[in-house]
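To keep things clear, I will list the structure first and then write my remarks on it.
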Amino acid sequence: MSLIEIRKRSLTIETIYHEGGPPVTVPLKLAAACAVVKNPYAGRYEPDLMPFMAELRALGTLLATELVDVLGRDKVEVYSKAAIVGVNGEMEHGAVWHEAGGWAMRSVLGEPKAMVPAAKAVAATGYRLMVPLHYIHASYVRSHYNSMEVGIQDAPRPNEILFALVMGTGGRVHARLGGLTKDTVSVHDGQR
């Protein structure tokens, strides 16, 4: 019997033309794919969360594939992941998404090396979470530090978890603060 029971999914796409400066030629697109699932461990302590984490890889692949289909695999430059656990759960129930969601995005995107940033919380229904984003090939590309809000107004309910993956097509539209640029990444260790 599967540990994954999906109540609903959502896909949010933001298209950013400018941030007060001149409109860009190619707008930035940020997208978040979310799934609200029943928390199989809500209201009790479960010492072994590994089966849940393993099953979540399939959900991660589903969400990552949806994002790549919307944005275009070769256009994705930033990524992240998030979990919002309903109040009858615990932070560790959201932490299972670190491996499952991160693995899925790396697999679908062709194994980029930069760590996948994350945010998680235990919260009431309707909570919104700001998710950090950065460049998929090197964590220190300053122009690509960004964030996107995720959440669904009726989720997570107390016995649910909202899992999210976020991808985008580039850095901030008016980035101009120097530092390592995506064109000067040379070490290819996921850092620089």
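Numbering starts at 1 and runs along the sequence shown.
Nearest heavy atoms, I13 versus A31: CG1-CB, 4.2 Å. Contact between P156 and A123 at its shortest, heavy atoms only, is CG-O, 4.4 Å. The two residues A104 and G60 have their closest heavy-atom pair at CB-C, 3.2 Å. Between A83 and L129, the shortest heavy-atom contact is O-CD2, 3.8 Å. The minimum heavy-atom distance linking I136 with P112 is given by the pair O-CB, 3.2 Å. Contact between V78 and V76 at its shortest, heavy atoms only, is O-CG1, 3.6 Å.
Note that CE of M167 and CG of L63 are 9.0 Å apart. Values are rounded to the nearest 0.5 Å. To the nearest 0.5 Å, atoms CZ (R142) and CG (L177) are separated by 7.0 Å. Annotation: the span from M130 atom CE to S80 atom OG amounts to 10.5 Å, rounded to 0.5 Å. For the atom pair I4 CD1 and F163 CZ, the distance stands at 7.0 Å (nearest 0.5 Å).
Atom NZ of K8 has more than 12 heavy atoms from other residues, nucleotides or ligands within 6.0 Å.
In this structure the side chain of R128 never reaches within 4.5 angstrom of the side chain of I84, judged on heavy atoms. The shortest distance between side-chain heavy atoms of T61 and S107 does not fall below 4.5 Å. The shortest distance between side-chain heavy atoms of E5 and V37 does not fall below 4.5 Å. Looking at heavy atoms from C-beta onward, E90 lies out of side-chain contact with V85 at the 4.5 angstrom threshold. The shortest distance between side-chain heavy atoms of I152 and D154 falls below 4.5 Å. Annotation: side chain of K113 is not in contact with side chain of H137 (no heavy-atom distance under 4.5 Å). Put simply, the side chain of L59 reaches to within 4.5 Å of the side chain of W97, judged on heavy atoms. Using a 4.5 Å heavy-atom cutoff, the side chains of Y140 and Y145 are in contact.
Among residues two or more places apart in sequence or in another chain, the side chain to side chain contact (heavy atoms under 4.5 Å, CB included) test is passed with A58 by none. A search for ring pair (Phe, Tyr, Trp, His ring centres under 6.0 Å) contacts involving H144 returns Y135, not counting sequence neighbours. Residues satisfying the side chain to side chain contact (heavy atoms under 4.5 Å, CB included) criterion with T12, sequence neighbours excluded, are M148.
Counting only distance, with no hydrogens or angles, the side chain of T65 and the backbone of L62 share no donor-acceptor pair below 3.5 Å. Looking at H134, its side chain does come within 3.5 Å of a backbone N or O of M115 through a donor-acceptor pair. With hydrogens and angles disregarded, no donor-acceptor distance shorter than 3.5 Å links the side chain of R7 to the backbone of R157.
Note on residues 19-34: pairs passing side chain to side chain donor-acceptor pair (under 3.5 Å), not counting sequence neighbours, are T15-K29. Evaluation of the side chain to side chain donor-acceptor pair (under 3.5 Å) test over residues 31-44, restricted to residues two or more places apart or in two chains, returns N39-H93, R44-E46.
Ion pairing between a basic and an acidic side chain is recognised when a charged N comes within 4.0 Å of a carboxylate O; D189 and R192 show no such pairing.
With N146 as the partner, the side chain to side chain contact (heavy atoms under 4.5 Å, CB included) test is satisfied by one option alone out of V173, L30, V131: L30.
Residue V26 shares its hydrophobic cluster (ILVMFWY side chains chained together at separations under 4.5 Å) with no other residue.
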Item to check | Verdict with supporting geometry, T169 and E77, side chain to side chain donor-acceptor pair (under 3.5 Å) | outcome: CA-CA 5 Å; T169 59; E77 292 189 7; over 6 Å; no
